[in-house]
There are 2 protein chains.
Amino acid sequence: MADPRKKTPGDARSAPVRIKDIADDLGVSVAAVSRALRNRGEISSEKRALVLKRAAELNYRPNLVARALVTGRSGLMGLVVPDLVHSFFAELAVALSRALRRSGFNLLIASSDEDAELERQEIDRLVSRGVDALLVASTQPTSDTFHSILDPNTPCVLLDRWFAGLSANFVGVDDEKVGTIATEHLLQIGCRHVAHISGTGVSTSRGRLEGYTKTLARYGIPINDDHIVSVQQLDKAAVSGGYAAARKLLLCDPRPDGIFCCNDPMAIGAMQAIFEAGLRIPSDIALIGCGNLHYDSALHVPLSSIDQRSEALGERAAELAIRLVEAREPVRPKVILLEPSLIVRKSTERPALRLMESLERAAEKVG
Amino acid sequence: MADPRKKTPGDARSAPVRIKDIADDLGVSVAAVSRALRNRGEISSEKRALVLKRAAELNYRPNLVARALVTGRSGLMGLVVPDLVHSFFAELAVALSRALRRSGFNLLIASSDEDAELERQEIDRLVSRGVDALLVASTQPTSDTFHSILDPNTPCVLLDRWFAGLSANFVGVDDEKVGTIATEHLLQIGCRHVAHISGTGVSTSRGRLEGYTKTLARYGIPINDDHIVSVQQLDKAAVSGGYAAARKLLLCDPRPDGIFCCNDPMAIGAMQAIFEAGLRIPSDIALIGCGNLHYDSALHVPLSSIDQRSEALGERAAELAIRLVEAREPVRPKVILLEPSLIVRKSTERPALRLMESLERAAEKVG
DNA sequence: TTGAAAGCGTTACCAG
DNA sequence: CTGGTAACGCTTTCAA
């Protein structure tokens with residue numbers, strides 16, 4: 001007798017086994033099998049054992065699509081980032097994916113290419129796919145456009161970037177502090193003319209710029225507008241953007257002796273420009289980036305950076321997203337601000353600092 | 001009048017709008033709305049326009065989960081890699097994701113952590129989720145274990161790594177050629193003692209090793225077993241593995257004057273070991289890796305590498321996977337081998353080579 | 001404890 | 001061209 005569920009007569013592929021198949025096979029109801037399989041609801045332990053055994057034999061795989069349709073929960077989370085090629089977002093995606101897996105969620109990743117409209121489409125699509133929550137490093141220009149995109153039924157966590165005035169879930173670092181730490185570090189190693197290569201449009205750039213200007217002010221240093229250069233494509237063309245910006249800075253008078261870059265790829269571009277100009281790092285110009293990417297320490301000159309804690313960020317975001325999904329009712333938006341930290345490498349190591357370090361090391365040994 | 005579809009009485013969230021809502025609203029059948037929305041089947045253009053307009057007004061989003069259940073196609077592809085933190089796989093994931101998006105697919109990414117059992121579980125789960133195809137850089141030890149994992153109804157494309165004797169779809173580079181190009185390059189720049197830091201267990205390592213030994217043989221150079229060091233954790237701990245392996249190599253007599261590393265992270269580790277030993281690259285030891293990662297050119301010494309064409313690989317794999325999904329019947333397995341290419345950077349630039357290059361450049365100008 | 005049956009939102013088949 | 005309606009595989013209520 002031919003199996004009516006075979007796709008095509010000559011096809012070797014057999015249809016996947018369903019709950020009903022197990023039920024028929026065992027002469028019990030589908031309800032019982034469903035309960036046994038998930039170890040839920042009332043069921044005798046003998047029957048459960050029987051079902052489990054048969055399911056294993058038949059290599060039964062639950063159809064998660066069907067389950068999602070009836071339960072209204074897919075076990076999927078959606079991640080939207082501006083550019084997955086930018087290592088910070090790749091690292092973030094990895095951390096998120098890891099953390100979510102532990103709770104049985106899978107991650108659906110979409111790139112917006114720093115295009116607000118494309119981001120809208122991707123979010124729409126993820127919502128259509130029934131993701132239980134959305135995690136997005138948004139590229140929207142304003143809080144309004146962002147809000148208009150969201151689906152009221154899908155909880156959302158903002159990553160890395162936030163919007164003024166928008167009450168939303170957010171996980172990221174304190175960007176003003178990022179700017180403060182970096183700028184202060186450059187000042188403390190003796191830089192007199194600290195420049196900044198900035199991004200545009202997003203909260204991270206604004207916050208870091210603010211940390212930069214406030215710190216200079218606090219140190220009584222006048223702000224030189226020429227020493228602040230903005231790069232348009234924050235992530236997509238960061239390296240070339242940083243390169244171009246640094247070249248502009250090198251023409252300034254006075255020439256900067258320290259540059260704080262909005263992110264590490266920009267710093268890599270800047271590094272290249274500095275070398276091409278025949279200058280040395282850090283002796284002529286000290287350089288610090290932001291993101292603390294995995295390969296920073298292996299760069300031409302190992303790059304000092306501000307750690308944005310991509311791993312912790314992923315964990316905390318996953319945690320928060322899961323809590324939102326679990327909550328039956330809407331929950332008050334939560335903001336998680338992680339502390340950025342300074343990672344000193346060769347690109348900002350000046351003799352003075354090296355001296356201090358060796359003193360500290362000596363002190364450690366003594367203590 | 002209370003909407004019976006509201007989740008909870010006090011809840012501001014309203015249930016998503018369905019086809020049925022539009023149908024009721026317009027006084028037409030769900031079938032008509034469904035057809036209009038997808039622009040399929042017979043339907044008058046006036047009615048279609050009407051439906052489309054109302055759908056837009058109501059901000060209708062198709063429920064892709066329901067659609068997947070009935071059509072048996074999810075529009076999802078599953079990617080399984082050993083370690084997403086390894087840049088090669090991150091770059092591959094990005095390329096794949098990009099290519100798939102153009103055809104309306106989303107990508108579900110899972111990491112196996114180089115654990116065969118975990119890989120099995122992840123594949124199971126992706127199949128459960130109804131992915132239309134699987135793309136996997138497998139960590140299984142043998143062709144048999146791999147085959148036993150697969151679902152007969154879900155087409156699969158092997159990425160980067162393949163299994164002897166398994167007739168399957170595969171997209172990757174020709175690994176023996178990788179080994180040949182790298183080894184030959186080191187010989188041609190004048191290395192007399194070329195060592196190899198190898199991986200274990202997977203086809204890529206075996207192929208590259210084979211290219212290495214065959215090339216030495218072809219040049220009439222006896223193989224020195226001490227000059228071949230294997231690293232266990234191919235991707236998870238590649239940097240530290242490369243570091244340890246290089247340290248071992250530095251103790252050899254004769255000491256290698258050129259090292260071909262199985263991948264770039266290993267080369268980064270090796271680079272560190274070489275510097276720590278007070279040696280210079282490339283003058284004391286030339287170094288070449290494999291993968292041509294984005295940041296290679298910004299490293300301490302810009303790293304020569306064999307390009308594995310992660311972008312093209314993603315593209316071709318996406319293409320192939322889509323074809324498999326589209327095909328109604330099983331299609332004969334296809335193997336796509338991409339040509340690896342040599343990327344020369346400072347880590348293998350020897351005076352002799354520079355001379356040759358300038359000669360070539362001069363020749364070009366003349367020609 | 002058990003099983004029958006009513007959905008979940010969509011598509012696809014058929015009869016008008 | 002149109003509109004009922006039966007699936008898709010599963011969970012969950014409800015009555016036995």
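At the phosphate of D:dT11, OP1 or OP2 sits under 4.0 Å from a side-chain N or O atom of A:Arg38. Look at B:Ser34 and you'll find a side-chain N or O under 4.0 angstrom from OP1 or OP2 of C:dT11. Contact annotation: B:Ser44 side-chain N/O to D:dT2 OP1/OP2 distance is under 4.0 Å. Using a 4.0 Å cut-off, no side-chain N or O of B:Lys20 falls inside it from OP1 or OP2 of C:dT11. Side-chain nitrogen and oxygen atoms of B:Tyr60 include none within less than 4.0 Å of the OP1 or OP2 phosphate oxygen of C:dG9.
Rounding to whole angstrom units, CG of residue B:Asp21 and P of C:dG9 are separated by 9 Å. The CG atom of B:Leu26 sits 14 Å away from the C1' atom of D:dG3 (whole-angstrom rounding). One atom, CG of A:Asn63, and another, P of C:dC8, lie 18 Å apart when rounded to the nearest Å. What separates CD of A:Glu42 from P of D:dA15 is a distance of 17 Å, to the nearest Å. When rounded to the nearest whole Å, the span between CZ of B:Arg67 and P of D:dG9 equals 18 Å. At whole-Å resolution of the value, CG in A:Asp24 and C1' in C:dG3 are 13 Å apart. Protein atom CD1 of A:Ile19 is 14 Å distant from nucleotide atom P of D:dC8, rounded to whole Å. Separating the CZ atom of A:Arg73 from the C1' atom of D:dC10 is a distance of 16 Å, rounded to the nearest angstrom.
Rounded to 10°, the helix from C:dT1-D:dA16 to C:dG16-D:dC1 has 50° between the axis fitted to its first five pairs and the one fitted to its last five.
In terms of the side-chain hydrogen bond (donor to acceptor under 3.5 Å, both in side chains) criterion, A:Arg67 has no residue partners (sequence neighbours excluded).
Looking only at atom types and distance, the side chain of B:Ser44 has no donor-acceptor partner in the side chain of B:Arg48 under 3.5 Å away.
B:Arg35 comes within contact range of at least one nucleobase, with a heavy-atom separation under 4.0 Å. Counting non-hydrogen atoms under 4.0 angstrom, B:Ala31 reaches a base of the nucleic acid. Looking at heavy-atom distances under 4.0 Å, B:Ile43 makes contact with sugar-phosphate atoms alone, never a base.
For B:Glu311 and B:Arg98, the salt-bridge test fails: no basic side-chain N is under 4.0 Å from an acidic carboxylate O.
When the options A:Ile123, A:Asp144, A:Leu134 are evaluated for a side-chain contact (heavy atoms from CB on, under 4.5 Å) with A:Ile149, the one that passes is A:Ile123.
Both B:Leu69 and A:Lys47 sit near DNA chain C, but only A:Lys47 has its closest nucleotide nearer the 5' end.
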Residues A:Asn59, B:Asp151; criterion side-chain contact (heavy atoms from CB on, under 4.5 Å); working and verdict: CA-CA 10 Å; A:Asn59 193 24; B:Asp151 174 74; 6.0 Å; no

Worked verdict on B:Met77 versus B:Leu108 for side-chain contact (heavy atoms from CB on, under 4.5 Å): CA-CA 6 Å; B:Met77 302 258 186; B:Leu108 229 28; over 6 Å; no

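Looking at B:Asp21, its side chain does come within 3.5 Å of a backbone N or O of B:Arg18 through a donor-acceptor pair.
For B:Val70, the listed nucleotide lying nearest its side chain is C:dT10; candidates were C:dT10, C:dG3, D:dC10.
Dense packing is recorded around CD of A:Glu315, with more than 12 heavy atoms of other residues, nucleotides or ligands lying under 6.0 Å away.
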